[in-house]
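Notes to accompany the following structure.
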Amino acid sequence: MTELTNLLDGFGNVVTPANLLIALIGVTVGTAVGVLPGIGPAMTVALLLPLTYGMEPTQAFIMFAGIFYGGMYGGSTTSILLNTPGESSSVVTAIEGNRMAKAGRAAQALATAAIGSFVAGLIGTLLLVFVTPPMVSFAISLGAPDYLAIMLLGFIAVSAVLGVSRVRGFASLLVGLAVGLVGIDRVTGQQRLTFDLPQLADGIDVIVVAVGIFAVGETLWVAAHLRRRPAEVIPVGRPWLGRDDWRRSWKPWLRGTALGFPFGVMPAGGAEIPTYLSYTLEKRLTKHPEQFGRGAIEGVAGPEAANNASAAGTLVPMLALGLPTNATAAVMLAAFQGYGIQPGPLLLQRETALVWTLIASLFVGNLLLLVLNLPLAPVWARLLRVPRPYLYAGILFFAAMGAYAVNAQPFDLLLLLILGLIGFGMRRFGLPVLPLIVGVILGPIAERQGRMALQLSGGDLSGLLGGPLSYLIYTVIVVILCWPLVRRFRRGSTRASEPVGTPPSENVR
């Protein structure tokens, strides 16, 4: 009952005219930016972070909640109408959604995506209310060695599990750890990787890193492959669902939610796996298998619900442990740190009102998203006709303004350009972006926990091993790292045991 009481207090902070207006602005702007081609939720949140400068933390995070859900819905709109997913988790939505749109059912595809997002977001946020406090209570009992093990698991998970290539994932992580080392060492007071530049003594602001890698890097990448011809947008009317569409959609919404939330909570989670699992499950359970590949509404409803439920689940480890499991959560963690707030076990104790206001604003933003987007879908479709040169020139302008607003130093603009070129190079050579952002954010925290563990043990390396949890986590890390070798060995032994050719006696008739 304590959770419900705190949640009601959070609603009391959100449901005021000023805060409701801020939530509405966040949902509207998040959707408008997220619907633009090539811009995913992470880039949307990173690009709009500067809008919250000067706000109180409560109002800033109310706007973040709206931007968070608005950017996710905008990505599904782009996937359905343009077949251009803003992120990897929207790829599955585009498979059936774009075929529905080409078959003249764009309105139904957008409607089931919007309502599925609402249902999954509502259930996922309710689960967030009841799952986060027990996880916080558990996390308080952990020591520095346990936290170090959790951080290392986060590094391994986002680098080796979520990426296409382990080598590229670890390369991206090392770049992020190097960026996180820039500045003055808090223990020795010595400068690290500052190149004798006083502007780097305080380190590189995480917001500048996020905006540079996501917004500028993505913009340069798209500009390098810019097509002169305008995008072919499928016309759409007001979204609506018929009786048969409702009957075929409500079960995929629930199944997608059940698949998505647990994957979001896990350190090696993310929305890619549950969206593919949801699509496969709906394809197996459907009574209309002939429509899959031609525009089946179940193939939109299930994955879209799994995507949004997973997004709600990622907030659990971020708030309780300070551990982001996807790019959007990493950018939101950077926003917390920008206000001097460190998510983790003590967050609910130190910032109780702020946390429960954020969770309540997720409910409000989710409802506003549904009310706003169903009637305004034709407006969002028109935004897709913005010429690409104007679109990405505007993104660069706002990214530069946001980076300059952090410290009001022209040097940050140079950093923004350098980081943007790094982001462009990472996309060029197929390096994932998430490990870099996680390395920048969690690297200093992992270093601090490791040093604390060694100080407590008097410099003995055995101090890095805490209780049973750390042993379990290190076992999981070893399994993750060694599994490709085991799988390759099993494949080799299987091939070696197969007979080569047919015995001569069987060829004689």
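Heads up: numbering here begins at 1 and tracks the sequence. Computed from heavy atoms alone, side chains included, the values below leave out hydrogens, waters and symmetry copies.
Between the side chain of T194 and the backbone N or O of Q191, no donor-acceptor pair lies under 3.5 Å. Formation of a donor-acceptor pair under 3.5 Å by the S310 side chain with backbone atoms of A306 is not found in this model.
When every heavy atom of A312 is checked against every heavy atom of L128, the shortest pair comes out as O-CD1, 4.2 Å. The minimum heavy-atom distance linking T125 with F363 is given by the pair CG2-CE1, 3.3 Å. Here the shortest heavy-atom pairing between A171 and L431 reads CB-CD2, 4.1 Å. Of all the heavy atoms in L416 and A400, the pair that sits closest is CD2-CA, 3.6 Å. Residues N366 and G121 come closest through the heavy atom pair ND2-C, 3.4 Å. Nearest heavy-atom pair across G260 and P274 is CA-CB, 3.8 Å.
When side chains are defined from C-beta on, D412 does not count as touching I204, because their heavy atoms never get closer than 4.5 Å. Annotation: side chain of F11 is not in contact with side chain of W356 (no heavy-atom distance under 4.5 Å). Between N19 and Q59, the closest side-chain pair of non-hydrogen atoms falls below 4.5 Å. In this structure, the side chains of W221 and R428 come closer than 4.5 Å at one or more pairs of heavy atoms. Proximity of T28 to L24: side-chain heavy atoms (C-beta onward) are separated by under 4.5 Å at one or more points. Taking the side chain as every heavy atom from C-beta outward, L415 and L200 approach each other to under 4.5 Å. L20 is listed as a side-chain neighbour of V15, based on a closest heavy-atom distance under 4.5 Å. Within the 4.5 Å cutoff, the side chain of L369 has no heavy atoms near those of the F118 side chain.
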CA sep, side-chain torsions, deciding dist, call: L436, V209, side-chain contact (heavy atoms from CB on, under 4.5 Å): CA-CA 9 Å; L436 185 147; V209 177; 4.1 Å; yes
Stepwise ring pair (Phe, Tyr, Trp, His ring centres under 6.0 Å) check, F336 with F61: CA-CA 9 Å; F336 272 93; F61 289 111; 4.3 Å; yes
Would I341 and L354 satisfy side-chain contact (heavy atoms from CB on, under 4.5 Å), going step by step from the backbone distance to the final call? CA-CA 10 Å; I341 301 171; L354 177 63; 3.3 Å; yes
Does the side-chain contact (heavy atoms from CB on, under 4.5 Å) test come out yes or no for I62 and T357, once each step is laid out? CA-CA 7 Å; I62 289 173; T357 301; 4.1 Å; yes
Assess the residue pair I213 and F424 against the criterion (side-chain contact (heavy atoms from CB on, under 4.5 Å)); give the C-alpha distance rounded to whole Å, side-chain angles, the decisive distance to 0.1 Å, and a yes or no. CA-CA 8 Å; I213 295 295; F424 174 82; over 6 Å; no
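Here the CD1-CZ distance, from I422 to R427, works out to 12.0 Å after rounding to the nearest 0.5 Å. A distance of 12.5 Å separates CG in L362 from CG in L367, rounded to the nearest 0.5 Å. Distance check: M452 CE to L148 CG gives 11.0 Å after rounding to the nearest 0.5 Å. Taken to the nearest 0.5 Å, the CG atom of N308 stands 13.0 Å off from the CZ atom of F261. Atom CG of L152 is separated from atom OG of S470 by 10.5 Å, given to the nearest 0.5 angstrom. Rounded to the nearest 0.5 Å, atoms CG (L358) and OG1 (T58) are 10.0 Å apart.
Other residues, nucleotides and ligands place no more than 12 heavy atoms under 6.0 Å from the CZ atom of R350.
For the 3.5 Å distance criterion, the side chains of Y69 and S361 fail to qualify, holding no donor opposite an acceptor. N307 and T275 are not linked by any side-chain donor-acceptor pair at a separation below 3.5 angstrom, with hydrogens and angles left out of the test.
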